[in-house]
Amino acid sequence: MGTEGRRDWKRRESLTSALLQVGVVALLLVGAVAWFVHRGGVRKQTEEHMRAARAAAMRGNPADLTQALKELDAVFQLNDSNRDAVALAADIQTVLWLEHRQPGADAKARELLARAEKLDSRSGERYGARALHLLSEGKAAEAEKYLGDLKTQGASSPKLTLALAMALQARGDLPGARQAFARAAETAWRDPRYTTAYGEALLDEGQYAPAVESFGKATSVNPDHLLARVSSALAHVYQGRKQEEAGKTLADVEARGADLTPVLKARAGALKAELALARGAADEALQTADAALKDMPEDHYALFARARALGAKKAPEARAAFEAAVAKRRNAPLLYLDGARALQGAGDGAGALALLDAYEKTFGPVQVTTADGKKAGLLDQDGRYWLARGGVLEAAGRQDDALAAYDKAITARGVGLARAQYAKGALLLARKDYAGARALLSVVAPDSGAGTLAEAYAAMGDLLFAQNEYAAGCQHYYFGLVRARAQGTPREELSARIEGIKKNLESAGQASMAKAWMTETGGLLQ
């Protein structure tokens, strides 16, 4: 009997134990399911916030970048060690610091980059940000080497290509930088940051039409990209075009108020100053440029606008003002070449030559890779520089030196070849070397009318008149007037040119041809 009780007790104990074990297992299963569900939910939320952050950052405006950072803060609430999120935040803060000069962004960018590196992020944001930080410290060669080492390890990213472009630009290898900017912009064409950066590089070189095209690509993916819009408007005003449209863009941008970073404020101020200069209001331009520099004292476009305003006033401080602009952006040919022309126009030929000497000192040591893979000096390939130098030397009465500079511009065979040929031909014409002038001018002002330079056709007309070839001269003058009208030359100026040619014909005893000339050109003034 006692034995049976013990058996019953064991059965009861075993049943209870089994039930307890089942309960424990059930609890563990519930906990595991809950953990997996929670983990899956965290992953899903993280992915959603990361997608939203990248989408906001890609729109590119400061408000968009701020929204992207908010999305990343939400990621950090879920997991503050998410290395891709940390790297992306470092990249965004680097953009706010170096491209927008937002106060406080520098410290945040450095702290986040250090965290991304400690977490061993392998994203392009981490490596691209490090290269940009090196550039900000003036370590262009070190940044270039860093990027080269990454490339040998197989790293490839538009962010790295963009950083390489900036490193080459800082070194003065402008052709190499253009190629890298173009590659980055082509690969990441959906992100206006890349096409805007390319446009700004072109604008720094004074290549206005390609710059406008690049800014146009940026606004095609985000029509409200503020930096691309205001920079495109500035390029148009430098060209003397679309000033009314630029004014509307300026008003739109200024209305954004709190959305504007120091760079956007300064760029808008530079645009406003240039619009005032285009109206002939030099005093207003100077005041506006000074106001823009209060927002960002190192903005080279605002400094350039200030210098141009002083040049328009023929103020003795103009030379120092151009030198101040160059000091802030030594790798921007626009500041030197257009600055030299402005100083020359203000009557400061010595200042113009000094600015060009500074250009030669900056870019003279730079070696670039030619199309055939060989190394050559950048200045040997730089026709625009030699053309500008020739113009300043010619204005100073140093004709032989000017001819030598024009020859170097022609030898470079760059995009300004036709203008260099015209410049040398016009100088030879002034020296009454008709044979030499004709050999050059006939290339850029052909009888077919296929040439593009209005001034070249005008010079060829002068040459033909000087040799009593009046009919051919009138034909070339006509081609020149057609080109000038297409380029927006005012009606009054066209009329004055037509009248001047008529008087020359009459003075040469060509009254009937003068009458025919007025008849043929009448339609140009309608």
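Predicted model, so just to flag it, every value in this text is computed and none were measured.
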Self-check item: Residue pairs fulfilling ring pair (Phe, Tyr, Trp, His ring centres under 6.0 Å) with at least one residue in residues 231-254, sequence neighbours excluded
Solution: Tyr208-Tyr238
Practice problem: Pick out which of Leu453, Thr452, Val444 makes a side-chain contact (heavy atoms from CB on, under 4.5 Å) with Arg419. | Solution: Leu453
Scan the side chains in residues 163-178 for donor-acceptor partners under 3.5 Å anywhere in the protein, sequence neighbours excluded, and list what turns up.
from   : atom 1 : to     : atom 2 : distance (Å)
Arg171 : NE     : Glu144 : OE1    : 3.0
Arg171 : NH2    : Glu144 : OE2    : 3.3
Asp173 : OD1    : Gly176 : N      : 3.0
Arg178 : NH1    : Glu205 : OE1    : 2.6
Arg178 : NH1    : Glu205 : OE2    : 2.9

Quiz item: If only atom types and distance count, is the side chain of Arg126 paired as donor or acceptor with the main-chain N or O of Ser121 below 3.5 Å?
Solution: yes
Practice problem: Output every pair passing ring pair (Phe, Tyr, Trp, His ring centres under 6.0 Å) with a member in residues 267-313, not counting sequence neighbours, ordered by first then second residue. | Solution: Phe304-Phe322
Quiz item: Is there any ring pair (Phe, Tyr, Trp, His ring centres under 6.0 Å) pair reaching into residues 167-189, and which pairs are they, with sequence neighbours excluded?
Solution: none
Self-check item: Residues which pass ring pair (Phe, Tyr, Trp, His ring centres under 6.0 Å) with His476, listed by chain and number, not counting sequence neighbours
Solution: Tyr457
Quiz item: For Lys374 and Thr369, does a side-chain donor sit closer than 3.5 Å to a side-chain acceptor?
Solution: no
Quiz item: Counting only heavy atoms not in Glu137, do more than 12 sit closer than 6.0 Å to its CD atom?
Solution: yes
Exercise. Return the minimal non-hydrogen interatomic distance between Ala211 and Leu203, and the atom names on each side.
Key: CB-N, 3.8 Å
Exercise. Look only at the side chain of Asn222 and the backbone of Arg59, and say whether a donor-acceptor pair between them is shorter than 3.5 Å.
Key: yes
Exercise. Indicate yes or no: does Lys145 engage Asp149 in a salt bridge with an N to O separation below 4.0 Å.
Key: yes
Quiz item: For Tyr385, what residues pass the ring pair (Phe, Tyr, Trp, His ring centres under 6.0 Å) criterion, not counting sequence neighbours?
Solution: Tyr359
